[in-house]
Asker: 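After the structure tokens below, expect a handful of questions from me.
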Protein chains: 2
Amino acid sequence: MDLNNGEIMDYLREKDIKPSSIRIKVLKYLMDNQIHPTVDDIYKGIGDDIPTLSRTSIYNTVNLFKQNGVVVEINLGEKESRYDINTKPHGHFKCEKCGNIYDFPLPENLNKKLSNFTINRMSINYYGLCPDCRKESE
Amino acid sequence: MDLNNGEIMDYLREKDIKPSSIRIKVLKYLMDNQIHPTVDDIYKGIGDDIPTLSRTSIYNTVNLFKQNGVVVEINLGEKESRYDINTKPHGHFKCEKCGNIYDFPLPENLNKKLSNFTINRMSINYYGLCPDCRKESE
DNA sequence: AATAAAATTGTAACTATTACAAATTTGTAT
DNA sequence: ATACAAATTTGTAATAGTTACAATTTTATT
Ligand SMILES: [Mn+2]
Ligand SMILES: [Mn+2]
Ligand SMILES: [Zn+2]
Ligand SMILES: [Zn+2]
């Protein structure tokens, strides 16, 4: 993704969010840094641009984004939540060595039905060693 | 499960944990109440027996249990962690209406490989409506 | 019984997140 | 442009789960 400001604003409007300077910067950050950032990552990432930026504004923004389906919150058992601009269902792999988080497609033989239950959403997380870290430790 | 004290103590020793009065009570609670309790649930559950019980002791105990493979910590995106005496891989369904948490078996042919990644553990969580709550809301 | 080791307690610290009111910015009508 | 209203942003305080750690109590060993 490499959208200009007008396109970013349209994207927000599509999701019923009135564009604002912080919302545009946060959305752009999320699109350009698809690393499943924490609130603090976002704060540090766009803080240089906005000297008076408050962490609360990032919280407000990601919560609004979540409510309106712009991001999905992901929880990997860390203390901080992470936010994913990719809202389509997919799995996450967290490397326990380097901390990187990788996307992977949901296994096609995954059980997507449980009799008499209504499944609204699922969260599929794996933990282990990524290829680089695995190689490093032979 | 309905083990007597001696059996509970043996179970702990098998996991290299020296039995103690609190550890025995917590383990028994976890076996008798397989509801994926929080620290607070455990504290309230066994607090009547031990008037001087401290929450810190529950934290100490569940952390020790986790380290030694007696329980597995589960994280359902709530603020509190939950603890599961069933350490075999299985999925969790959380009802968003009543809050109950249900176990479900993972498909045994579930894709447990990602090429070049080493998977140490996985966490599979579904969210939605349980049969009772689904029926209630027609 | 004396001593050492381990378990338990109580309090304070830490930290992610939210609540909320004040301040600032943006939009609108005159 | 000015005045006013609405929305956004900020700053600080409150909340809550968890951990750090020293003091106390319990358990084991000599
Ligand atoms: Mn992702
Ligand atoms: Mn379970
Ligand atoms: Zn890695
Ligand atoms: Zn239910």
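In what follows, every chain begins at residue 1, and chains take the letters A, B, ... in the order their sequences are listed. Note: hydrogens, waters and symmetry copies are ignored here, and every other heavy atom, side chains too, is used.
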Asker: Can you tell me the distance, in whole Å, between the CD1 atom of Ile22(A) and the P atom of dT25(C)?
Answerer: 11 Å

Asker: Of Glu80(B) and Thr56(B), whose closest DNA chain D nucleotide lies nearer the 5' terminus?
Answerer: Glu80(B)

Asker: Decide side chain to side chain donor-acceptor pair (under 3.5 Å) for Asn60(B) and Ser57(B); before the verdict, give the C-alpha distance in whole Å, the side-chain angles of both, and the deciding distance to 0.1 Å.
Answerer: CA-CA 5 Å; Asn60(B) 291 340; Ser57(B) 297; 5.0 Å; no

Asker: Between Lys135(A) and Asp132(A) (salt bridge meaning N to carboxylate O under 4.0 Å), is one present in this structure?
Answerer: no

Asker: Give the minimum heavy-atom separation between Gly47(B) and Leu53(B), together with the two atoms involved.
Answerer: CA-CD2, 3.9 Å

Asker: May I ask you to evaluate whether Ser57(B) reaches the phosphate of dA7(C), defined as a side-chain N or O under 4.0 Å from OP1 or OP2?
Answerer: no

Asker: Nearest whole angstrom, please: distance from the P of dA16(D) to the NZ of Lys79(A).
Answerer: 19 Å

Asker: May I have the distance from Ile50(A) (atom CD1) to dT8(D) (atom P), rounded to whole angstrom?
Answerer: 15 Å

Asker: Could you check how far OH of Tyr59(A) sits from C1' of dC20(C), rounded to whole Å?
Answerer: 17 Å

Asker: Could you tell me whether the phosphate oxygens of dT17(C), OP1 or OP2, come under 4.0 Å of any side-chain nitrogen or oxygen in Ser81(A)?
Answerer: yes

Asker: Toward the 5' end of DNA chain C, which comes first, Arg55(A) or Asn60(B), by nearest nucleotide?
Answerer: Asn60(B)

Asker: Rounded to whole Å, how long is the line connecting atom CG of Asn63(B) with atom P of dG17(D)?
Answerer: 16 Å

Asker: May I ask you to say what Ser21(A) touches in the nucleic acid, namely base, sugar-phosphate or nothing, with a heavy-atom cut-off under 4.0 Å?
Answerer: sugar-phosphate

Asker: If you assign Ser54(B) and Lys18(A) each to the DNA chain C nucleotide with the nearest heavy atom, which residue ends up on the more 5' nucleotide?
Answerer: Ser54(B)

Asker: Rounded to the nearest angstrom, tell me the gap between atom NZ in Lys25(A) and atom P in dT8(D).
Answerer: 16 Å

Asker: Hey, do the aromatic rings of Phe117(A) and Tyr102(B) have their centres closer than 6.0 Å?
Answerer: yes

Asker: How many Å lie between CD1 on Ile42(B) and P on dT18(D), as a whole number?
Answerer: 10 Å

Asker: Within less than 4.0 Å of OP1 or OP2 of dT9(D), is there a side-chain N or O belonging to Ser20(A)?
Answerer: yes

Asker: Strictly by modelled atom types, are Asn5(B) and Lys28(B) linked by a side-chain donor-acceptor pair under 3.5 Å?
Answerer: yes

Asker: Within this structure, what is the CG-to-C1' distance between Leu76(B) and dG17(D), rounded to whole angstrom?
Answerer: 16 Å

